[in-house]
Amino acid sequence: MSWQQRLSQELQQQQEAGLWRTRLPVTPLSGGRIRAGGKEFLHFSSNDYLGLSHHPEILSAWQQGLSQWGAGAGASGHVTGHTPAHQRLEYTLAGWLGFPRAILFQSGFAANQALIFSLAQGQDRLLADKLMHASLIEAAHLSPATLRRFRHNSLSSLTQLLRTPCDGETLIVTEGVFSMDGDQAPLAGLRQQADRSGSWLVVDDAHGLGVCGHQGRGSCSQQQIRPDILVVTFGKAVGISGAAILCGAEMADYLQQKARHLIYSTAMPPAQAVAIETALSLVASGDGLRQKLQQNIARFRQLAAELPWPLAPSESAIQPLIIGDNQAAQQLAMALRQSGIWVNAIRPPTVPPGSARLRITLSAAHLPEQIRQLAEQLYAAAR
Ligand SMILES: *Cc1c(COP(=O)(O)O)cnc(C)c1O
């Protein structure tokens with residue numbers, strides 16, 4: 001079979017399975033709206049949970065950063081791409097989140113890959129939650145270490161895996177708030193298991209930072225534990241993009257020696273680091289935004305309680321409506337789009353087979369009236 005034949009065959013399979021993926025050019029607007037194909041929609045599939053992506057202070061910080069530092073970093077941080085703006089952001093992050101060090105990455109995907117590839121060796125083992133994000137699982141599959149998955153949020157399942165002896169070291173890996181389900185990991189229990197077994201606990205808090213915990217410090221702050229390694233990303237509630245690994249001093253030095261995603265990749269634009277710094281201060285002082293978000297979550301859950309599909313047990317900004325069938329989920333998303341509501345259907349392999357869903361996300365930027373419209377259109381589509 002030629003390359004061309006292989007592509008055709010795989011594309012056909014994708015289409016027949018109802019898993020065809022597309023990207024449409026859309027224009028995000030402020031106030032929980034989006035424009036696409038000349039039409040405006042209410043936007044319920046963004047991870048911009050606090051509505052910061054259009055915040056004027058962040059935009060002007062980025063502009064000021066551009067004037068001061070230029071458009072790009074010009075090199076890897078190991079050459080000349082690490083500016084005082086990057087250094088300051090790392091320092092701010094470490095202080096704010098309570099770790100000795102922070103190391104910036106261009107994306108959460110890169111941070112997770114760098115973490116696993118630089119740490120895990122052949123005799124080691126990675127024990128990851130069954131629903132752990134693709135960026136980490138992908139790296140774990142490719143690494144020479146052994147990957148085992150424990151049942152979602154199940155401490156007993158993890159205990160069982162830990163009973164098997166291991167010659168190397170163990171990393172226990174979880175998300176703080178799960179990206180496709182919106183529920184939270186039992187971090188205190190995981191911390192205990194890690195301590196008991198002499199493992200390290202890694203928490204990827206992409207969806208917790210900014211949303212929960214004291215001053216929006218995230219899931220670990222909320223559940224009062226400290227992981228050995230914390231991954232945070234700036235593309236969700238922080239409203240920009242980029243990521244950081246928070247860790248001890250030696251681990252940070254180690255990443256600096258070994259993490260190829262760091263060494264062989266251009267550093268984030270310094271202006272972006274300036275913008276993130278400003279966004280983090282808005283996150284820290286954003287209790288009002290978090291309160292609005294919580295009110296929107298409560299409002300939506302109350303309004304959606306009588307829908308024929310189950311709403312996942314989530315207290316976070318991520319409110320999945322579990323449809324089950326791939327085509328049915330896609331059809332529902334399309335029906336909503338007809339009525340001016342933008343929600344994405346999430347299908348396998350992003351979620352387990354048979355659990356296709358509408359991943360509805362709420363934001364502090366949504367108005368009560370917009371949440372009401374969403375619920376109304378869901379009921380209309382159900383009839
Ligand atoms: C979004 C996400 C990532 C990837 O972060 P990017 O900065 O978007 O690459 C990693 N982990 C989790 C849990 C995520 O939700």
Side-chain angles (χ1 to χ4, degrees), residues 21 23 28 45-50 52-53 89 93 97 102-117 126 128-142 147 149 152-153 171-185 187 190 201-213 216 218-220 222 227 229-247 259-262 265-269 272-273 275-276 279-280 283 312 314 316-320 344 346 349-352 357 359-363:
R21 296 168 185 265
R23 298 174 308 160
S45 49
S46 164
N47 300 319
D48 183 14
Y49 304 126
L50 300 179
L52 290 182
S53 69
L89 175 56
L93 276 165
L97 294 170
I103 303 272
L104 292 174
F105 287 85
Q106 284 282 52
S107 73
F109 200 102
N112 279 338
Q113 302 255 312
L115 177 64
I116 297 302
F117 288 137
L126 308 168
D129 188 285
K130 185 80 184 139
L131 298 186
M132 187 68 212
H133 192 261
S135 53
L136 203 131
I137 292 301
E138 168 116 346
H141 275 307
L142 295 172
L147 168 66
R149 326 266 301 254
H152 178 49
N153 283 345
L171 281 185
I172 299 172
V173 184
T174 188
E175 293 183 33
V177 173
F178 281 85
S179 53
M180 294 299 142
D181 289 67
D183 56 347
Q184 293 184 275
L187 293 177
L190 293 172
L201 174 64
V202 177
V203 177
D204 174 347
D205 207 19
H207 298 275
L209 189 78
V211 173
C212 55
S219 308
C220 298
Q222 186 182 32
I229 294 168
L230 173 65
V231 178
V232 294
T233 71
F234 310 125
K236 275 109 190 197
V238 181
I240 305 175
S241 84
I245 293 180
L246 284 294
C247 57
R260 305 170 78 79
H261 296 71
L262 202 60
S265 187
T266 302
M268 76 168 56
Q272 184 181 339
I276 293 169
L280 290 176
V283 163
S314 157
S316 72
I318 303 159
Q319 292 290 325
N344 277 52
I346 309 281
T350 309
V351 295
R357 65 199 63 192
R359 180 178 179 269
I360 296 168
T361 53
L362 302 175
S363 161

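Counting convention: from 1, in listed order, for ligands and their atoms alike. Excluded from the calculations below are hydrogen atoms, water molecules and symmetry mates; all remaining heavy atoms, backbone and side chain alike, are included.
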My understanding is that only residues two or more places apart in sequence, or in another chain, count here; which of them pass ring pair (Phe, Tyr, Trp, His ring centres under 6.0 Å) with F105?
none
Under 4.0 Å from ligand 1, residues with heavy atoms, in chain and number order, are S107, G108, F109, N112, H133, S135, E175, S179, D204, A206, H207, T233, K236
For residues T350 and R21, is any side-chain donor paired with an opposing acceptor at under 3.5 Å?
yes
Sequence neighbours excluded, which residues qualify as side chain to side chain donor-acceptor pair (under 3.5 Å) partners of H141?
none
Using 30° and 60° as the class boundaries, would you call the ring planes of F117 and H261 parallel, tilted or perpendicular?
parallel
Taking atom types as modelled and ignoring hydrogens, do the side chains of D205 and S219 form a donor-acceptor contact shorter than 3.5 angstrom?
yes
Output all residues satisfying side chain to side chain donor-acceptor pair (under 3.5 Å) with S265, sequence neighbours left out; order by chain, then residue number.
none
